[in-house]
Amino acid sequence: ALDRALKVIRQRIDEFGVAEPVVQKVGTDRLIVELPGIDDPERAQSVVSEAAFLQFQVTDRTQAFERVVGRLDQAAAAAGITATTSTAAGDTAKRVGVTSLFGGDSAAGDSASRDSAAAGAADSAATPSDGRGLFASRVAPGAIPGQYIVAAEDFPLLERALSTPSVQAVLPPGKQLKWGAEEVENGAQRFRELYMLDTKPIITGDYLVDARPNSDPVDGNVVTFTLNNEGGRRFRNETAKHLKENMAIVLDDKVMTAPTIQSAIGRNGQITLGGGTLQAAQDLALVLRAGALPVPLKITEVRNIGASLGEDSISKGVRALLLGVALVVIIMIGYYRFAGMLAVGALILYVLYTLAVLAGFNAVLTLPGLAGFVLSVGIAVDANVLIFERIREEIDGGKSVRLAIDEGFNHALSAIIDSAVTTILSGAVLYQYGSGPVRGFAVTLIAGVVASLFTALFVSKTFFMLWLQQTRGAKALSI
């Protein structure tokens with residue numbers, strides 16, 4: 001379980017966009033997560049610890065709750081949890097508005113009958129309890145089968161009762177009660193939804209292959225998801241059996257929404273967040289893509305470490321990079337003269353291109369990243385060396401400067417591409433199977449190699465062509 005949790009958390013953090021993260025096991029029951037440069041620590045903690053277990057369950061249509069409400073009250077009373085406050089004056093005010101809040105269900109097509117049922121249930125629930133038990137006096141039917149409404153003030157008491165094993169044991173076989181994810185407001189009234197669901201889910205999130213945040217003009221911020229082929233087939237078959245029934249989308253034992261099944265659903269679906277923000281949709285999609293944690297995690301310690309610990313290493317890395325570039329400039333200009341100056345100009349553009357690619361990946365130049373950068377500078381110059389040496393050979397063979405430049409680039413091309421492709425493949429393997437600093441090194445190395453290919457083969461040749469156009473081939477090439 002710890003190994004699976006390690007894999008899931010590492011995948012979540014990689015999608016979260018943190019540069020150079022470290023995730024490792026400590027002992028048999030602990031994980032350490034290091035997130036350098038994180039801007040929102042609380043959001044990161046939420047993403048890391050979220051369980052994200054997704055299920056689709058059908059709501060009950062057999063009035064199972066009504067049949068066992070008396071026994072639920074008895075079990076709650078036996079556990080010492082009773083309706084200690086009066087439901088006459090205060091609770092009447094809390095329960096008005098159930099009809100207006102949950103009266104419409106256009107998708108189901110029978111909103112009128114449900115409105116009247118919800119209104120009657122609300123009036124019944126608003127009546128003084130006259131000794132009725134906890135559940136009978138404080139739970140009212142909602143707008144759809146299997147949905148019940150609880151005043152927000154009563155939620156803590158009822159939640160405590162439902163968490164009691166003796167109360168849970170009274171529930172009918174194959175049925176379970178789950179709370180809605182958010183409070184529902186209607187003016188001054190606040191409610192919580194309670195759902196009676198079939199215990200066996202139609203399908204779980206194990207079949208989910210992708211999840212993306214989106215904004216809908218009607219539903220607000222949503223998360224669209226895609227199942228694999230097997231999951232889509234099973235989902236289609238199961239939803240076809242429950243047409244016109246309500247299906248609860250349950251995330252971490254909380255009902256997000258319970259839409260009516262109008263037709264068989266295939267691979268694609270949608271989770272509506274109600275009033276949730278786009279960032280909440282992004283985080284939910286991220287967590288669903290990365291998979292569910294095999295065990296619940298508890299954050300036991302959080303420490304913020306200042307940047308001064310790594311400052312010395314970073315400063316030495318920057319000095320090494322500047323020294324390496326300076327030596328390359330001196331050697332290229334000293335050995336290849338004017339051609340070396342053109343190569344240095346291309347090298348400056350190479351540095352800018354590489355930094356632009358790294359910015360696109362949200363990468364950070366930590367110590368491994370700087371190492372990859374220095375190595376790719378050497379690779380960039382190596383391509384120019386191959387080209388210049390070939391140009392020298394062509395000039396020594398008696399060819400004109402223009403023809404020697406063309407032949408030099410053409411004949412050096414295969415060797416440059418071979419070395420670049422092998423380096424990119426090595427970096428791709430490091431990125432795929434490495435983690436943390438290793439992946440940072442790989443990203444920087446690959447970005448540098450790609451930029452060096454462009455500057456060596458295109459930018460350098462463009463400089464040569466501009467020089468030839470300016471001199472009209474009348475001057476000898478200083479190389």
Side-chain angles (χ1 to χ4, degrees), residues 10-22 35-39 212 282 286 289 307 310 313-329 332 342-387 409 412-413 415-463:
R10 183 170 287 155
Q11 186 174 348
R12 289 182 184 181
I13 289 174
D14 288 342
E15 290 202 29
F16 196 61
V18 178
E20 309 282 351
V22 175
L35 307 176
I38 193 71
D39 295 325
R212 299 290 171 186
Q282 291 171 342
L286 186 158
R289 282 197 305 271
S313 296
I314 297 300
S315 62
K316 288 181 179 178
V318 172
R319 283 202 300 272
L321 174 62
L322 294 177
L323 179 61
V325 172
L327 287 174
V328 166
V329 170
M332 291 299 290
L342 297 182
V344 169
L347 188 65
I348 294 173
L349 289 176
Y350 151 80
V351 171
L352 293 177
Y353 294 155
T354 305
L355 292 175
V357 173
L358 294 177
F361 277 96
N362 292 323
V364 178
L365 276 180
T366 55
L367 194 59
L370 287 170
F373 205 173
V374 172
L375 183 59
S376 62
V377 168
I379 294 173
V381 172
D382 179 60
N384 283 296
V385 169
L386 289 173
I387 294 169
F409 276 92
L413 179 63
I416 293 172
I417 291 180
D418 284 347
S419 63
V421 168
T422 53
T423 306
I424 289 173
L425 288 175
S426 302
V429 172
L430 289 175
Y431 184 84
Q432 178 65 32
Y433 297 104
S435 61
V438 176
R439 299 188 79 176
F441 172 81
V443 168
T444 313
L445 181 62
I446 293 173
V449 171
V450 172
S452 71
L453 273 176
F454 178 75
T455 53
L457 298 178
F458 180 76
V459 175
S460 295
K461 189 171 184 178
T462 302
F463 286 165

Point to revise | Leu453 CG to Tyr350 OH distance, which is reported to the nearest 0.5 Å | key: 10.5 Å
Check your understanding: What distance separates Leu322 CG from Leu327 CG, expressed to the nearest 0.5 Å?
Key -> 11.0 Å
Exercise for review: Measure the spacing between CD1 of Ile446 and CG of Leu425 and express it to the nearest 0.5 Å.
Suggested key: 9.0 Å
Review point. Is there a side-chain contact between Leu347 and Val328, using heavy atoms and a 4.5 Å cut-off?
Key: yes
**Study point:** Passing candidate, side-chain contact (heavy atoms from CB on, under 4.5 Å) with Val450, options Leu445, Ile424, Val357
**Key:** Ile424
**Study point:** Minimum-distance pair of heavy atoms, taken over all atoms of Ala456 and Ala383
**Key:** CB-CB, 3.6 Å
Point to revise | Minimum heavy-atom distance between Thr354 and Ala451, given as atom pair plus value | key: OG1-CB, 3.4 Å
Study note, to complete from the structure: Between Thr422 and Ser419, the two heavy atoms sitting closest are OG1-O, 2.8 Å
Practice item. Side-chain contact test, heavy atoms from C-beta onward, threshold under 4.5 Å: evaluate it for Ser460 versus Ile387 and give yes or no. Key: no
**Study point:** Min side-chain heavy-atom separation Val351-Leu355 under 4.5 Å
**Key:** yes
Review point. Say you draw a straight line from CG of Leu342 to CG of Asn384; how long is it, rounded to the nearest 0.5 Å?
Key: 9.5 Å
Practice item. Could you check if a side-chain atom of Leu375 sits within less than 4.5 angstrom of a side-chain atom of Phe441, using non-hydrogen atoms only? Key: yes
